[in-house]
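Below is one structure, written out as C-alpha cells; the observations come after it.
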2 protein chains.
Amino acid sequence: MVNDELILLDSWPSMFGMRLRIALAEKEIKYEYKEEDLRNKSPLLLQMNPIHKKIPVLIHNGKPICESIIGVEYIEEVWKDKAPLLPSDPYDRAQARFWADYIDKKFYDSGRKLWTTKGEEQEAAKKDFIECLKVLEGALGEKPFFGGDNFGFVDIALIGFYSWFHSYETYGNISTEAECPKFVAWAKRCMQRDSVAKSLPDQHKVLEFVKTLRHKFGIE
Amino acid sequence: MVNDELILLDSWPSMFGMRLRIALAEKEIKYEYKEEDLRNKSPLLLQMNPIHKKIPVLIHNGKPICESIIGVEYIEEVWKDKAPLLPSDPYDRAQARFWADYIDKKFYDSGRKLWTTKGEEQEAAKKDFIECLKVLEGALGEKPFFGGDNFGFVDIALIGFYSWFHSYETYGNISTEAECPKFVAWAKRCMQRDSVAKSLPDQHKVLEFVKTLRHKFGIE
C-alpha cells in the first residue's frame, strides 16, 4: 500500500477524531490531516459524509469511512500486521466492542452535560459521570490497559476524553483523582505513549475552547 | 464446538433479539431460547447484563455477549466457515457497520416515535421515518440485498423492524408501500428466507402488543 492516499477530516478538540489519530499513529501510517471549521463545513466533508455531516472522516483512496469506532476497526483490518489493536479471541473482541459502545452511549453524554447544564441536571450528570468512570475502572481491573498488557481498542476509544477532563472538573466541580484514582493512573500511563501524547491537545487549550462554547450557548 | 452451551435471553417483539435469532438460524446453530418478562427481569438477565439490564443477551458457555450488533459480529467470528454474514473486504465491512449503526442511531428512534407521540412531534417523526427509509433505499440501490446478491449483516440488522411496520403504519398513518416500494420489495424478499420467516413474529401480534403498550403509557 505504498501509494495509498489517506486523508483525515478532523477537528482538533474532537475525542472521536483523536481515536483515529491514535490508531493511525499506533500503526505508523502517514496521512494528511485536514482541520475542519465546524461552523463552515467544507464541501469535501459534506460530500464524504452526507448522512451525518460530522467529523472525523477517514478518506482512503477517495473512499470515506465515517464514525470513529468503525474507522478504528477499518484501520485495524487494512493494516492488520502492525500493532494489533483488537484481541484475536472472538469473546475478547466482543468485550472490547461492548466497552467502546458503552463509552459512546453512556460516558460521552454524561461528560458533555457537566459543562452544558446547571443545577439539578448538572448534579445528575455528575453522579452519572462518576458512576460511568467507576464502571470503567471495574472493567479495567488490575490490568495496565483495557487491552491487558497492551494498549488497544478500548484504550483508544476512551483516552481522548482525558484531554477534556480539566474542563469536566472545572465546570462540573469534581475531582477525578479523588473519586477514581485508578482511572487517572491509567490515563497517565496512556499519555506516556507517543501515539497518545501527540494526538491529544493540551487540556488548557480544550478548557479555553469549552469556555468559548459556553459563551456561545449562553451558559455563562 | 459440539458441546457448546448457547442460550439466548430475548423478548419476542424485540427487533434487536430478532437479529440474533436470524444470525443463529443462518449459521444453523442450535440454542436454547429463553423468553424474558421485561417487567420482571430474571436474575440470570441481571447477572449477565448488569450494565444495561437489557435483552438480547447471548450466553456462550456461561459467558455473556450483550448488544445485538456486537452479538451478530460474535456469531460471525466464532462460526466463520458457515454462511458468511459480513463481506471480506475491509471497506465493504466498514460500510456494512456504518449502515447497521445508522439503523440503531436514526431509524429505530423515528419508528418508535410514530406510535409513542402525537401531533407535531408525530408529524416530525413521520418525516424522519420516511427520510430514513429513503436513505436506506438509496444504500440498497438496485441490489437484491444490502449484502449484494447475498443476504447479510445489514439485512439482518434491519429486517426485524419489518414486523413492526403494521404498527408504524397504523399509528403513524403512513403507507410504506406507496412511499418506499423498493424497501417493501426488499423486505418481502427477506421474508422468503426461512431464517427470517421463523425469527419474526406476526405483524398483527406486534400490533396487539403495541396497543397494550400505548394503553400502559397513557397514549390512548
Please tabulate, one pair per line, the donor and acceptor atoms of chain B and chain A that lie under 3.5 Å from each other, or say none if there are none.
unit_1: A:Pro64; atom_1: O; unit_2: B:Tyr91; atom_2: OH; d: 2.7
unit_1: A:Glu67; atom_1: OE1; unit_2: B:Lys105; atom_2: NZ; d: 2.4
unit_1: A:Glu73; atom_1: OE1; unit_2: B:Arg97; atom_2: NH2; d: 3.4
unit_1: A:Glu77; atom_1: OE1; unit_2: B:Arg93; atom_2: NE; d: 2.8
unit_1: A:Glu77; atom_1: OE2; unit_2: B:Arg93; atom_2: NE; d: 3.1
unit_1: A:Glu77; atom_1: OE2; unit_2: B:Arg93; atom_2: NH2; d: 3.2
unit_1: A:Glu77; atom_1: OE2; unit_2: B:Arg97; atom_2: NH1; d: 3.2
unit_1: A:Glu77; atom_1: OE2; unit_2: B:Arg97; atom_2: NH2; d: 3.1
unit_1: A:Tyr91; atom_1: OH; unit_2: B:Pro64; atom_2: O; d: 2.7
unit_1: A:Arg93; atom_1: NE; unit_2: B:Glu77; atom_2: OE1; d: 2.8
unit_1: A:Arg93; atom_1: NE; unit_2: B:Glu77; atom_2: OE2; d: 3.1
unit_1: A:Arg93; atom_1: NH2; unit_2: B:Glu77; atom_2: OE2; d: 3.2
unit_1: A:Arg97; atom_1: NH1; unit_2: B:Glu77; atom_2: OE2; d: 3.2
unit_1: A:Arg97; atom_1: NH2; unit_2: B:Glu73; atom_2: OE1; d: 3.4
unit_1: A:Arg97; atom_1: NH2; unit_2: B:Glu77; atom_2: OE2; d: 3.1
unit_1: A:Lys105; atom_1: NZ; unit_2: B:Glu67; atom_2: OE1; d: 2.4

Inset, instruction - Rounded to the nearest 0.5 Å, what's the gap from CD1 on A:Ile65 to CZ on B:Phe98? Could you check? - result: 11.5 Å
Inset, instruction - Please report the closest heavy-atom contact between B:Val78 and A:Pro90, naming both atoms and the distance. - result: CG2-CB, 3.6 Å
Inset, instruction - Give, as side chain, backbone, both or neither, the part of B:Ile51 having an atom under 4.5 angstrom from any heavy atom of chain A. - result: side chain
Legend entry - Heavy-atom contact with chain A under 4.5 Å, split by part of B:Pro50: neither
